[in-house]
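Before any comments, here is the structure.
Start at 1 with the first residue, then count along the sequence.
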Amino acid sequence: MRVFGQLQPAQRRNLGILFVAGLLFWASLSSLLPTLPLYIRDAGGTSQQVGWVMGAFSIGLLAFRPALGRLADGHSRQIVLLIGMGVVGIAPIGYWLSDGILWVALVRAFHGISIAAFATAYVTLVVDFAPEEKRGEILGYMSLVNPIGAAIGPALGGLLQEFAGYGPSFFFSALLGLVGFLCTQSVREQRRGHWGSLPMDGAFWSLLGSPKVRSLAWVMFLVGLAFGTQTTFVALLIQEAGAPLNPGLFYTSVAFASFGVRLLTGRASDRYGRGPFISLSLVTYALAMGILIVANSSGAFLAAGVAVGCGFGTLIPLISALVADRSEPAERGRLFSLVMCGFDLGIGLAGPLLGTLAAGTGYRAMFGYAALLSLASLGSFLFFSNGRPGDSLRFALGLGPDSSSVHLEGGRNRLGSQEPDPLEPPDRPAPLETGSRS
């Protein structure tokens, strides 16, 4: 991690604060993964209702992503960060105080605002502080907060629920979030330019007219459907299979695998390109869903968790880096929000949609659908991620540059004519510095 020694003291300080806040955020959020589906079921919810309630998380995500992305670009990243930490600290208490499935669903929707805010602000702040040529490496290291937090949270949340009940697990989650809220107040933003190809007053969803983000949003939507299936139903599948495994340990295996792969792929993507590593991550996630179709033992479920961790430990940081490569500082929050809206929508639809499709066939059928969706996301990335299918395939396999990049070796001039971007002005000035060079 010598790259951090090359940064200015203020940049290292801010990244350090962000790292601690990220650990607390993801530990808080993930501590409820193994317990909340069981809490809903014990409250009288059917498997279909479990899917609907868990999917309500994406209501808050989708409803608030546009406004929060605009707020991060036009006003303050830190305010958006504080909103995310505040919500993640309040929502667990709401679950405990809820009386009935409907109220749990409403709190779940409110809880979704936390990721819409925190993830947007966290990634954009990290990119603001990172030198362009080291962006993938720094994002890879800073994204370690997700697997570390996800290793701590589910294990402790599952143990608290098992030995002390639901109440202590909810209060533990809330405490982590509130401590993180205090921590994030010390973050100091850097000055950034206000130029970008996207007007601040433009309609958020009209940004899908840009091919540089439309294809990525579609890939993330398909992945989100598979991911939502996994997070909603894997604990119930483990119980149905009779495997002697605490569901929290599945998420711990995900976290450890994700930790290891993030140490390698971010730095490698700076050197060899984002495309081949994103393609490999989608193959790995499809493999994980395939393992879950046939898993019956603790070892098989843990192996699936390792594959999930390798897939997502590569995908999320590198998709974030790719969006940053394709955007200017003053539009980063909105473009990242838009791409992740595809992921949010997939997660939101996964529970009710796949839960309904597989209602009469059991949980394993859901993971069969999830495997097919993962393969579909791979096909979409291979052929539509970079303009024309041929250019996309070369980029996805590491044989050609990203034609939509506006930084470093942006291949727009190297590849010749590409699909015109309706959001890009014909004569664009040179990219602004992010402030990390100051």
Side-chain angles (χ1 to χ4, degrees), residues 26 30 115 119-120 122-123 126-127 135-147 149-150 213 215-231 251 253-270 272-292 304-326 335-347 350 370-371 373-382 384-386 392 395-398 402:
W26 290 110
S30 64
I115 287 188
T120 298
Y122 186 87
V123 170
V126 169
V127 172
R135 177 175 293 153
E137 183 177 3
I138 291 179
L139 272 172
Y141 292 146
M142 292 297 292
S143 71
L144 290 174
V145 296
N146 186 293
V213 292
S215 58
L216 300 183
W218 176 248
V219 168
M220 294 306 291
F221 169 69
L222 295 172
V223 174
L225 285 170
F227 183 79
T229 301
Q230 171 223 307
T231 56
Y251 293 102
S253 69
V254 172
F256 278 114
S258 180
F259 180 93
V261 77
R262 288 171 198 246
L263 291 174
L264 303 173
T265 54
R267 183 176 182 181
S269 77
D270 285 334
Y272 300 108
R274 320 290 187 206
F277 296 98
I278 293 175
S279 299
L280 183 60
S281 73
L282 296 172
V283 171
T284 305
Y285 196 71
L287 174 64
M289 296 300 99
I291 296 173
L292 288 173
V306 169
V308 168
C310 289
F312 264 88
T314 302
L315 178 66
I316 299 301
L318 295 194
I319 285 289
S320 301
L322 187 56
V323 172
D325 293 343
R326 296 180 174 189
L335 290 186
F336 179 76
S337 293
L338 179 64
V339 169
M340 294 309 294
C341 270
F343 190 60
D344 303 339
L345 182 60
I347 293 175
L373 289 164
S374 301
L375 291 174
S377 70
L378 173 64
S380 297
F381 185 76
L382 288 174
F384 302 106
S385 61
N386 192 33
S392 294
F395 167 66
L397 297 179
D402 178 20

What's the separation between atom [atom1] in [X] and atom [atom2] in [Y], rounded to the nearest 0.5 Å?
X: Leu375; Y: Leu222; atom1: CG; atom2: CG; answer: 11.0 Å
X: Cys310; Y: Phe259; atom1: SG; atom2: CZ; answer: 13.0 Å
X: Asn386; Y: Arg274; atom1: CG; atom2: CZ; answer: 13.5 Å
X: Thr229; Y: Met289; atom1: OG1; atom2: CE; answer: 8.0 Å
X: Thr265; Y: Leu280; atom1: OG1; atom2: CG; answer: 9.5 Å
X: Ser143; Y: Tyr122; atom1: OG; atom2: OH; answer: 7.5 Å

- Item | Trace of the side chain to side chain contact (heavy atoms under 4.5 Å, CB included) decision for Met340 with Ile115 | CA-CA 10 Å; Met340 294 309 294; Ile115 287 188; over 6 Å; no
- Task: Please check if the side chain of Ser279 supplies one atom and the backbone of Ala396 the other of a donor-acceptor pair under 3.5 Å.
- Result: yes
- Task: Look only at the side chain of Ser385 and the backbone of Leu382, and say whether a donor-acceptor pair between them is shorter than 3.5 Å.
- Result: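 Between the backbone of Leu382 and the side chain of Ser385 there is no qualifying donor-acceptor contact (under 3.5 Å).
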Of all the heavy-atom pairs spanning [X] and [Y], show the shortest one and how long it is.
X: Ser258; Y: Gly313; value: OG-CA, 3.3 Å
X: Gly275; Y: Phe381; value: O-CE2, 3.5 Å
X: Thr284; Y: Ala307; value: CG2-O, 3.3 Å
X: Ser269; Y: Gly136; value: OG-CA, 4.2 Å
X: Ala226; Y: Ala370; value: CB-O, 3.6 Å
X: Val123; Y: Ser320; value: CG1-CB, 3.9 Å

- Message: Among residues at least two apart in sequence or on other chains, which ones pass ring-ring contact (aromatic ring centres under 6.0 Å, His included) with Phe343?
- Response: Phe227, Phe312
- Set of ring-ring contact (aromatic ring centres under 6.0 Å, His included) partners for Phe384, sequence neighbours left out: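 ring-ring contact (aromatic ring centres under 6.0 Å, His included) list for Phe384, sorted by chain: empty.
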- Note on the structure: Residue set satisfying side chain to side chain contact (heavy atoms under 4.5 Å, CB included) with Ser281, at least two apart, ordered chain then number -> Ile278, Thr314, Leu315
- Are Val213 and Arg326 close enough, and set up right, to give a side chain to side chain contact (heavy atoms under 4.5 Å, CB included), and what steps lead you there? CA-CA 8 Å; Val213 292; Arg326 296 180 174 189; 5.7 Å; no
- Message: When you compare the side chain of Val219 with that of Leu282, does any pair of heavy atoms fall below 4.5 Å?
- Response: yes
- Please say whether more than 12 non-hydrogen atoms of neighbouring residues, nucleotides or ligands are located less than 6.0 Å from CZ in Phe256. no
- For the pair Met220 and Ile316, evaluate side chain to side chain contact (heavy atoms under 4.5 Å, CB included) and give the outcome as yes or no after the intermediate values. CA-CA 9 Å; Met220 294 306 291; Ile316 299 301; 3.7 Å; yes
